[in-house]
Amino acid sequence: MARRKSVNFIRMIEPDIRYGSQYVQKLINIVMWRGKKNAARTIVYDALNILAQKNSGDEKKALAVFSRALEQITPAIEVRPRRVGGSVYQIPAEVKSHRGRSLAYRWLIEAAASRGDETMGQRLAHELLDAYEGRGNAIKKKLDSHKMAEANRAYSHFSW
């Protein structure tokens, strides 16, 4: 029997004001710190403006770059610990889409925060560009997760 209750309800998020995208609004909500939503909006919109400038001023292309970068970062498989007998095995498991996006947002913000650019908007924009091109710390985190799952493939028979 499960020790924790399963979550049957996922709260829907209203689309953001400027782009009409739930994914952008979710990024704003995750970037938000101590309830300062306007500061988070400024950071995310600055990043998307930088992406638009890189793509000849087209906001739709900036949103497409953001979506593609998010797809690139989202993991397909991860390892989960499972206790079998007296030892704990790292068992590879598929990632549900909701959790995959959560991990992608988390990895994106961590990677952007660790960059050396001046503002968080610039850091986020450059990390999104790197993820779009298949490089950067967020992509590295995803590849590490996949490598770990591949290395522990021998324990996949413990997943039941």
Side-chain angles (χ1 to χ4, degrees), residues 4 6-81 90-152:
R4 298 181 188 187
S6 63
V7 178
N8 295 330
F9 176 72
I10 297 173
R11 188 172 57 88
M12 294 303 295
I13 295 176
E14 295 293 322
D16 75 305
I17 299 165
R18 187 179 295 178
Y19 294 96
S21 170
Q22 290 180 343
Y23 297 127
V24 173
Q25 184 64 39
K26 182 69 174 173
L27 181 63
I28 291 169
N29 289 345
I30 293 174
V31 168
M32 183 172 55
W33 185 60
R34 292 190 176 181
K36 298 182 186 288
K37 194 166 219 168
N38 281 333
R41 276 192 191 117
T42 303
I43 290 169
V44 173
Y45 289 154
D46 284 349
L48 290 173
N49 286 340
I50 291 170
L51 290 179
Q53 288 172 359
K54 299 269 186 186
N55 290 310
S56 66
D58 190 8
E59 287 188 354
K60 292 186 187 224
K61 284 186 182 176
L63 196 58
V65 168
F66 168 72
S67 299
R68 178 76 175 133
L70 199 62
E71 286 174 18
Q72 293 272 67
I73 299 170
T74 304
I77 194 165
E78 68 178 344
V79 292
R80 311 218 40 169
Q90 298 291 328
I91 298 172
E94 277 189 46
V95 179
K96 293 182 181 177
S97 63
H98 193 334
R99 174 159 169 76
R101 279 194 306 274
S102 302
L103 288 171
Y105 285 123
R106 196 177 312 154
W107 293 344
L108 177 67
I109 292 169
E110 282 177 14
S114 67
R115 291 180 77 98
D117 297 327
E118 288 184 18
T119 66
M120 185 61 183
Q122 291 174 347
R123 294 174 189 175
L124 188 59
H126 291 143
E127 190 60 39
L128 283 168
L129 280 173
D130 282 352
Y132 178 74
E133 294 168 358
R135 53 191 165 93
N137 288 337
I139 293 288
K140 184 178 181 305
K141 189 91 166 175
K142 173 195 171 185
L143 293 176
D144 289 346
S145 172
H146 282 214
K147 284 179 189 173
M148 181 76 110
E150 183 66 27
N152 288 306

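If you're wondering where the values come from, they're calculated on a predicted model, not measured in any experiment.
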K.L.:
Mark yes or no for whether Asn152, through its side chain, and Ile91, through its backbone, hold a donor-acceptor pair below 3.5 Å.
P.N.:
no
K.L.:
Decide yes or no for Lys54 and Val65: does some side-chain heavy atom of the first lie under 4.5 Å from some side-chain heavy atom of the second?
P.N.:
no
K.L.:
Which pair of non-hydrogen atoms, one from Ala149 and one from Val79, has the smallest distance, and what is that distance?
P.N.:
CA-CG1, 3.5 Å
K.L.:
As an exercise, state the distance from CD1 of Ile109 to CH2 of Trp33, rounded to the nearest 0.5 Å.
P.N.:
13.5 Å
K.L.:
Looking at side-chain heavy atoms only, is the closest gap between Glu59 and Leu48 below 4.5 Å?
P.N.:
no
K.L.:
Do you know which two heavy atoms are closest between Ser145 and Glu78, and how far apart they sit?
P.N.:
OG-CA, 3.9 Å
K.L.:
Using a 4.5 Å cut-off on heavy atoms from C-beta on, say whether the side chain of Val24 contacts that of Leu63.
P.N.:
yes
K.L.:
Do the side-chain N and O atoms of Asn29 and Gln25 include a donor-acceptor pair separated by under 3.5 angstrom?
P.N.:
yes
K.L.:
Can you tell me how far the CG atom of Asn137 sits from the NZ atom of Lys141, to the nearest 0.5 Å?
P.N.:
9.5 Å
K.L.:
Do Lys26 and Arg101 have side chains that approach each other closer than 4.5 Å (heavy atoms only, starting at C-beta)?
P.N.:
no
K.L.:
So, for Pro75 and Gly100, which heavy atoms are closest and what is the spacing to 0.1 Å?
P.N.:
CD-O, 3.5 Å
K.L.:
Nearest 0.5 Å please: distance from the CG atom of Asp46 over to the CD atom of Gln122.
P.N.:
8.5 Å
K.L.:
Please confirm whether the backbone N or O of Asp117 pairs with a side-chain atom of Arg123, one donor and one acceptor, at under 3.5 Å?
P.N.:
yes
K.L.:
Rounded to the nearest 0.5 Å, how far does CZ of Arg135 lie from CD of Glu133?
P.N.:
4.0 Å
K.L.:
Just so I know, are the side chains of Asn49 and Arg18 near enough to count as touching, which here means a heavy-atom distance under 4.5 Å?
P.N.:
yes
K.L.:
Should Tyr105 and Val31 count as side-chain neighbours, where that means a heavy-atom distance under 4.5 Å?
P.N.:
no
K.L.:
Locate the shortest heavy-atom distance separating Pro92 from Gln90; write the atom from each residue and the value.
P.N.:
CD-O, 3.7 Å
K.L.:
Would you please test Glu110 and Ser114 for side-chain contact (heavy atoms from CB on, under 4.5 Å) and show each step?
P.N.:
CA-CA 6 Å; Glu110 282 177 14; Ser114 67; over 6 Å; no
K.L.:
Ignoring hydrogens and geometry, is there a side-chain-to-backbone donor-acceptor pair from Asn55 to Asp58 under 3.5 Å?
P.N.:
no
K.L.:
Hey, could you give me the CD1/CG distance between Ile43 and Leu124, rounded to the nearest 0.5 Å?
P.N.:
8.0 Å
K.L.:
Please determine whether side-chain contact (heavy atoms from CB on, under 4.5 Å) holds for the pair Ile30 and Arg106, giving the CA-CA distance in whole Å, both sets of side-chain angles, and the decisive distance to 0.1 Å.
P.N.:
CA-CA 8 Å; Ile30 293 174; Arg106 196 177 312 154; over 6 Å; no
K.L.:
Are any non-hydrogen side-chain atoms of Ile77 and His146 less than 4.5 angstrom apart?
P.N.:
yes
K.L.:
Quick one: closest heavy-atom pair of Ile13 and Gln22, and the distance?
P.N.:
O-NE2, 3.2 Å
K.L.:
Assess whether a salt bridge exists between Glu150 and Lys147, defined as any Lys/Arg side-chain N lying under 4.0 Å from an Asp/Glu carboxylate O.
P.N.:
no
K.L.:
Determine whether Glu127 and Leu108 make a side-chain contact, defined as any pair of heavy atoms from C-beta on separated by less than 4.5 Å.
P.N.:
yes
K.L.:
Grab the two heavy atoms, one from Ala69 and one from Tyr132, that are nearest each other, plus how far apart they are.
P.N.:
CB-N, 3.8 Å
K.L.:
Enter the distance from Ile73:CD1 to Lys142:NZ here, rounded to the nearest 0.5 Å.
P.N.:
9.0 Å
K.L.:
With a cut-off of 6.0 Å (strictly less than), are more than 12 heavy atoms of other residues, nucleotides or ligands near OH of Tyr23?
P.N.:
no
